[in-house]
Peer 1: 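Please read through the structure below; I'll follow up with questions.
Note on naming: letters A, B, ... go to the chains in the order of the sequence lines (proteins, then strands), and numbering restarts at 1 for each one.
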Amino acid sequence: MARYNAKESERQWQAEWDARALFATPGHSDKPKCYVLEMFPYPSGRIHMGHVRNYTMGDVIARFRRAQGYNVLHPMGWDAFGLPAENAARDKGVSPRDWTYENIAAMREQLKMMGLSLDWAREFATCDPEYYHQQQKLFLDFYKAGFVHRHEADVNWDPVDMTVLANEQVIDGRGWRSGALVERRKLSQWFFRITQFADELLAGLDTLDRWPEKVRVMQRNWIGKSEGLRFQFTLSNSEKLDVFTTRPDTLFGASFVALSPEHPLAQELAKKDAGLAAFIEECRHVGTAEADIEKAEKKGYATSLTAAHPFDADWELPVMVANFVLMGYGTGATFGCPAHDQRDLDFARKYQLNVTPVVVPEGADPRTFDVGQEAYTGPGLLANSRFLDGMTVDQAKAEVAARLEKAGTGARTVNYRLRDWLVSRQRPWGCPIPMIHCAKCGVVPVPADQLPVRLPETINFQVKGNPLDADTSWKTTTCPACKGPAVRDTDTLDTFADSSWYFTRFTNPDFDEPVDKKAADYWLPVDQYIGGIEHAILHLLYARYFTRAMSKLGMVKVAEPFAGLFTQGMVCHETYKDADGNWVSPEEIEKRDGKAFERNTGKEITIGPSEKMSKSKKNTIAPETIIAEYGADTIRWFMLSDTPPERDIEWTDAGAEGCWRFVQRVWRLATESQGLPPAGTVPSNDDAAKPLRQAAHRAIAAVTDDLENLRFNRAVAQLYTLANVIGGAEKVDGGARREAIEALVLLSAPMMPHLAEQCWKELGHGKLVAETPWPKYDPALTASDSVTIAIQVNGKRRGEISMAKDAQTKDVEAAALAEDGVRRALDGKAPKKVIVVPNRIVNIVA
RNA sequence: GCGGCCGUGGCGAAACUGGUAGACGCAGCAGAUUUAGGUUCUGCCGGGCAACCGUGGGGGUUCAAGUCCCUCCGGCCGCACCA
């Protein structure tokens, strides 16, 4: 038999699956449903190894569930709006539309070469007018429901991408894409009121038991809920100052009141105080710059004002402007209690302010308790606090809140770190915001019969600023209300809006409303979602928000879109540098004796650590090269082997060759087996056949369990083991051999679908593997009748015995004591105690 | 600093609720087949001549610890002055 021709075979089977429309999902079915989804790609032009890993995992699950009898939805689409298309358009003079659709066509072909079991009939791109038409309707629905609002605010302006950004998109003070330092601007923009659902989004995390803990923690921190008290200080100029605290219990330990440098009162005072103005200016410069925040000293400036303690009008606290108080949190002002807050303590020591402990740990003496240089934040009883003395922290918090609420100067509040989602973007390649600005009527939604607001056919990138804004003929329109002259909103929606509901649209992508409720209610939630950890906050939080908002509008039944989430690791590769420190790509390299040399020049190249594949480090491997050389099954098998899916995987040539050898090995086992009886033969139950039969049935049980739990690397190892057993059992009964080989083929099918089809055909089957149910195991064959039991003496292994399964304890004990190594270790002494763990181990205590 | 995850052969890793540490793969070594290379097949492959010793270090619980507890060291990721 000839070697397996992957190229030929893969093309044929892909055509066969297509012709039979095997992966087109019926809308209705009696089978249980399973929605498998991988994060859809941005159409950059080529697929990369990260896509290969992501889509292979999803495909394994989809094929596995389909074989198990589920009605599987496994769609694919394109996250197609965004800046790279604009940059390409500007650099190459093409239209972003043409550039994007050409890339989609190229990437679609590459994905098809991977043999993914996708329902291509449901494919769409977010830049399709049909899609953004529905998204505009959705936006207006949100608007009518009060989920969308427009207001002027300090916004994050990215000077490189020339647009505003949401809070989530500013990382360390820089734009998430451009890396440029973000500037502050005051602009009137559209916001989604995500804070409206802050509590629900937080509580919902507890229901997501099939999400990684890590992602839930990150979202919890991002939402940043803290419960506390908001109350007023009366200042010496008789004005009131609102502050927020989570520790009202420590109010009698207060030694100052602190304002953010950006607080309006601080700004006001600075007008008449040059020293303060200079201090505020200094704070601005340190600001959000970089990691030096950590080292930044606590600094303050005493204003001319004092604040009266809310429970003692004669007790005056200095009002200070402090560099560590954030305007964006709470009210931008708080009181400082140095004994129980590290920042306040550092600050107080520097400016010689009082440090009075008011919470004392149990057992400590309130008169002598001293916090030293470390603020005490643990539990304890109140002291030095008049009417609070002796209370617990919780009792004191409640007491202070109750008294201030009664006095009308305070209220218990919940504070969130989460801000509303700013969605306006001053970019032309996005979903136009369907709003019209009329001098007379104000902001007017575009009427339904005038939707979609289409992007102009041609976009002129030569203009300064947003091309949509410069395109007078596009933006000029009439007001739907008064029919007078008006202009369109020239901003587009953040592209994260596009990806916040695409999974819902997949459930019926042709429906003439955003959501076909019947289809959505049948398919949602997504049972298994797979993608990169980099979306832990942005995409996954926004998608959760959209789903909740849509749920409130009755469009979908579910509150959470993704029941199961899996975040896969990155694909890495060694890095190479020449003598001048320039990155060198793997293609230009030749390896000899563990050293690397440049192919053209013969010069030695330094091998660097394995890092995430990236263009900048030139350590990428193009998937199409590997597919051309070994075929899709080999690259898929590699992505699933050895490394657990959540960890980073390293691509190596040797590993790829190993995978290719296994593909050939399976092919040989399936085609070179001499004397196999015809398909359907019942294997004999004689003793010689039993070990092989057991190996096959155990593999079925183990692989099934591993795939259920996404342990692909273990499933792979099970299949290697089965192949080894089959290889060593050439003389075994043909029926048992056929059974084992068929198990190997069927179990490997989700991972190497083309190879499996080809082998299945060679084995004489008329139906496709893709139409064949998942194999079942016989429990009688996964259990064994004899077991090897290890014998320990004082916890050290001294020998082993073979016993019938579930043998009597006294028989096991007798056999253990008779074992040579055990006798030697005991040296004639009588055992004090013998512990027998059935079918496992015997430990003799001497 | 806070939070999360993790530390096992030359490498990637297995080890279910504590119960034979290193399955499986890569690399390596030896042999067979081959004119040769490649392929394929067989065997070996944590350390030590051995008794024994070995899961980052130290301590503990237990008949028994990679697994549980304490502590220290190291790494990765996230947040970062959040009152």
Peer 1: Which residues satisfy the ring pair (Phe, Tyr, Trp, His ring centres under 6.0 Å) test with A:Phe324, sequence neighbours excluded?
Peer 2: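 With neighbours one apart ignored, the set is A:Phe347.
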Peer 1: Describe the nucleic acid contact of A:Val325 in one word from base, sugar-phosphate, nothing, applying a heavy-atom distance below 4.0 Å.
Peer 2: base
Peer 1: Write down the distance separating the C1' atoms in B:rC81 and B:rC76, rounded off to the nearest Å.
Peer 2: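 To the nearest whole Å, 25 Å.
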Peer 1: Along nucleotides 50-68 of chain B, 5' to 3', which nucleotides get a B, which get an S, and which get a -, given that the test is a protein heavy-atom distance under 4.0 Å?
Peer 2: --SS---------BS----
Peer 1: Anything under 30° is parallel, anything over 60° is perpendicular, the rest tilted; go ahead and classify A:Phe233 against A:Phe335.
Peer 2: perpendicular
Peer 1: Can you tell if the side chain of A:Trp222 reaches within under 4.5 Å of the side chain of A:Arg417, non-hydrogen atoms only?
Peer 2: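 The answer is yes, as the side chains (C-beta and beyond) meet within the 4.5 Å cut-off.
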Peer 1: Side chains of A:Val842 and A:Glu813: closer than 4.5 Å at any heavy-atom pair?
Peer 2: no
Peer 1: Below 4.5 Å, heavy atoms only, C-beta onward: do A:Asp648 and A:Lys612 meet side chain to side chain?
Peer 2: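 Result no, sub-4.5 Å side-chain heavy-atom pair not found.
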Peer 1: Could you check if a side-chain atom of A:Pro838 sits within less than 4.5 angstrom of a side-chain atom of A:Asp806, using non-hydrogen atoms only?
Peer 2: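 Not in contact.
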Peer 1: Can you measure A:Ile537 atom CD1 to B:rC77 atom C1' for me and round it to whole angstrom units?
Peer 2: 12 Å
Peer 1: For the pair made of CG in A:Leu541 and P in B:rC79, what is the distance, rounded to whole Å?
Peer 2: 13 Å
Peer 1: Verify side chain to side chain contact (heavy atoms under 4.5 Å, CB included) between A:Leu404 and A:Thr409, making sure each step is shown before the conclusion.
Peer 2: CA-CA 5 Å; A:Leu404 292 179; A:Thr409 57; 3.7 Å; yes
Peer 1: Before accepting this row, confirm whether a basic side-chain N of the pair A:Asp705/A:Arg711 lies closer than 4.0 Å to the acidic partner's carboxylate O.
Peer 2: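 A:Arg711 and A:Asp705: salt-bridged.
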Peer 1: Rounded to whole angstroms, how far apart are CG on A:Leu640 and C1' on B:rA13?
Peer 2: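 These atoms are roughly 15 Å apart.
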Peer 1: Taking everything shown except A:Tyr720 itself, do over 12 heavy atoms lie less than 6.0 Å from its OH?
Peer 2: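 More than 12 heavy atoms, drawn from other residues, nucleotides or ligands, come within 6.0 Å of this atom.
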Peer 1: In whole Å, what separates the C1' atom of B:rC29 from that of B:rG10?
Peer 2: 13 Å
Peer 1: For A:Thr721, which contact category applies under a 4.0 Å heavy-atom criterion: base, sugar-phosphate, or nothing?
Peer 2: sugar-phosphate
Peer 1: Both distances under 3.5 Å, Watson-Crick or G-U wobble: on that basis, could you give the dot-bracket string for RNA chain B, with [ ] for crossing pairs and | for other-strand partners?
Peer 2: (((((((..(((......[....))).(((((.......))))).((....))..(((((..]....))))))))))))....
Peer 1: 5'-most contact on RNA chain B: A:Met327 or A:Gln664, nearest heavy atom basis?
Peer 2: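 By nearest-heavy-atom nucleotide position, the 5'-most residue is A:Gln664.
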Peer 1: Within the pair A:Arg661 and B:rC26, is there a side-chain N or O less than 4.0 Å away from OP1 or OP2?
Peer 2: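 True: A:Arg661 side-chain N/O within range (under 4.0 Å) of B:rC26 OP1/OP2.
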Peer 1: Between B:rG18 and B:rA64, how many Å separate the two C1' atoms, rounded to a whole number?
Peer 2: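 Going atom to atom, C1' in each nucleotide, I get 8 Å.
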Peer 1: Grab the CD-P distance between A:Gln718 and B:rA13 for me, whole Å please.
Peer 2: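 Spelled out: CD on A:Gln718 to P on B:rA13 is 18 Å.
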Peer 1: What integer number of Å spans the P atoms of B:rG4 and B:rC72?
Peer 2: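 B:rG4 and B:rC72 have their P atoms separated by 16 Å.
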Peer 1: In whole angstroms, how far is the P atom of B:rG3 from the CZ atom of A:Arg417?
Peer 2: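 From A:Arg417 CZ to B:rG3 P: 16 Å.
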Peer 1: Touch check for A:Asn713, heavy atoms < 4.0 angstrom, all strands: base, sugar-phosphate only, or nothing?
Peer 2: sugar-phosphate
Peer 1: Whole angstroms only, please: what is the CZ-C1' distance between A:Arg711 and B:rA13?
Peer 2: 14 Å
Peer 1: Just one of A:Met57, A:Met639, A:Arg636 clears the side chain to side chain contact (heavy atoms under 4.5 Å, CB included) bar with A:Val52, so which one?
Peer 2: A:Met639
Peer 1: Starting from the C-alpha separation in whole Å, work towards a yes-or-no answer on side chain to side chain contact (heavy atoms under 4.5 Å, CB included) for A:Phe252 and A:Thr356.
Peer 2: CA-CA 8 Å; A:Phe252 286 104; A:Thr356 311; over 6 Å; no
Peer 1: Applying the ring pair (Phe, Tyr, Trp, His ring centres under 6.0 Å) test to A:Phe638, which of A:Phe712, A:Trp651, A:Tyr630 qualifies?
Peer 2: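 Among A:Phe712, A:Trp651, A:Tyr630, the one meeting ring pair (Phe, Tyr, Trp, His ring centres under 6.0 Å) with A:Phe638 is A:Trp651.
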Peer 1: Which residues satisfy the ring pair (Phe, Tyr, Trp, His ring centres under 6.0 Å) test with A:Tyr576, sequence neighbours excluded?
Peer 2: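 Here no residue qualifies.
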Peer 1: Using atom types as modelled and distance alone, determine if a side-chain donor or acceptor of A:Arg698 lies under 3.5 Å from a backbone N or O of A:Thr782.
Peer 2: yes
Peer 1: Side chains of A:Asp420 and A:Thr195: any donor to acceptor distance under 3.5 Å?
Peer 2: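 Checked: A:Thr195/A:Asp420 side chains pair up, N/O donor to acceptor below 3.5 Å.
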Peer 1: Given 3.5 Å as the limit, does a donor-acceptor pair link the side chain of A:His573 with the main chain of A:Ile621, or not?
Peer 2: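 No.
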Peer 1: So which nucleotide from B:rG25, B:rU20, B:rA83 ends up closest to the side chain of A:Leu326?
Peer 2: B:rA83
Peer 1: Using the side-chain heavy atoms of A:Ala717, tell me which of these nucleotides is nearest: B:rC24, B:rA80, B:rA83.
Peer 2: B:rC24
Peer 1: Can you tell me how far P of B:rC79 sits from OH of A:Tyr416, to the nearest Å?
Peer 2: 21 Å
Peer 1: Syn or anti for B:rG56, please, going by whether the chi angle lies within 90° of 0.
Peer 2: anti
Peer 1: Out of B:rC81, B:rG4, B:rA83, which has the shortest distance to the side chain of A:Lys214?
Peer 2: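 Nearest nucleotide to the side chain: B:rG4.
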Peer 1: Applying a 4.0 Å non-hydrogen cut-off, can you work out what A:Glu800 is touching in the nucleic acid: base, sugar-phosphate, or nothing?
Peer 2: base
Peer 1: For A:Asn724, report the nucleic acid contact type (base, sugar-phosphate, nothing); a contact means any heavy atom under 4.0 Å.
Peer 2: sugar-phosphate
Peer 1: What nucleic acid atoms does A:Tyr720 come within less than 4.0 Å of, heavy atoms only: base, sugar-phosphate, or nothing?
Peer 2: sugar-phosphate
Peer 1: Could you measure between the two P atoms, the one in B:rA51 and the one in B:rU61, and give it in whole Å?
Peer 2: 30 Å
Peer 1: Could you say whether A:Phe244 or A:Trp222 is positioned toward the 5' end of RNA chain B, judged by the nucleotide with the nearest heavy atom to each?
Peer 2: A:Trp222
Peer 1: Please measure how far the P atom in B:rA23 lies from the corresponding atom in B:rG47, and state the result in whole Å.
Peer 2: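 So the two P atoms sit 13 Å from each other.
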Peer 1: Is the distance from OP1 or OP2 of B:rG1 to the nearest side-chain N or O of A:Arg343 less than 4.0 Å?
Peer 2: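 Indeed not, no polar side-chain atom of A:Arg343 lies that close.
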Peer 1: Test A:Val359 against A:Arg247 for side chain to side chain contact (heavy atoms under 4.5 Å, CB included), laying out the working first.
Peer 2: CA-CA 11 Å; A:Val359 178; A:Arg247 292 297 302 272; 3.9 Å; yes
Peer 1: A:Arg220 has an atom CZ; how far is it from atom P of B:rC79, in whole Å?
Peer 2: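 So the two atoms are 16 Å apart, to the nearest Å.
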Peer 1: In whole Å, measure the gap between the P atoms of B:rA65 and B:rG75 for me.
Peer 2: 30 Å
Peer 1: Name every residue in residues 647-657 of chain A that has at least one heavy atom under 4.0 Å from any atom of RNA chain B, in order of residue number, or write none if there are no such residues.
Peer 2: A:Arg647, A:Ala654
Peer 1: Choosing from B:rA83, B:rU20, B:rC41, which nucleotide comes nearest the side chain of A:Arg668?
Peer 2: B:rC41
Peer 1: When you get a sec, tell me which of B:rU40, B:rG12, B:rA14 is the closest nucleotide to the side chain of A:Thr643?
Peer 2: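 Of B:rU40, B:rG12, B:rA14, B:rG12 is nearest to the side chain of A:Thr643.
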Peer 1: Give the residues of residues 249-263 of chain A touching RNA chain B, defined as any heavy atom closer than 4.0 Å, sorted by residue number.
Peer 2: none
Peer 1: Taking 4.0 Å as the cut-off, does a side-chain nitrogen or oxygen of A:Arg665 come that near to OP1 or OP2 on B:rU39?
Peer 2: no
Peer 1: Say we look at B:rU62 and B:rG19: how far apart would their C1' atoms be, to the nearest angstrom?
Peer 2: 12 Å
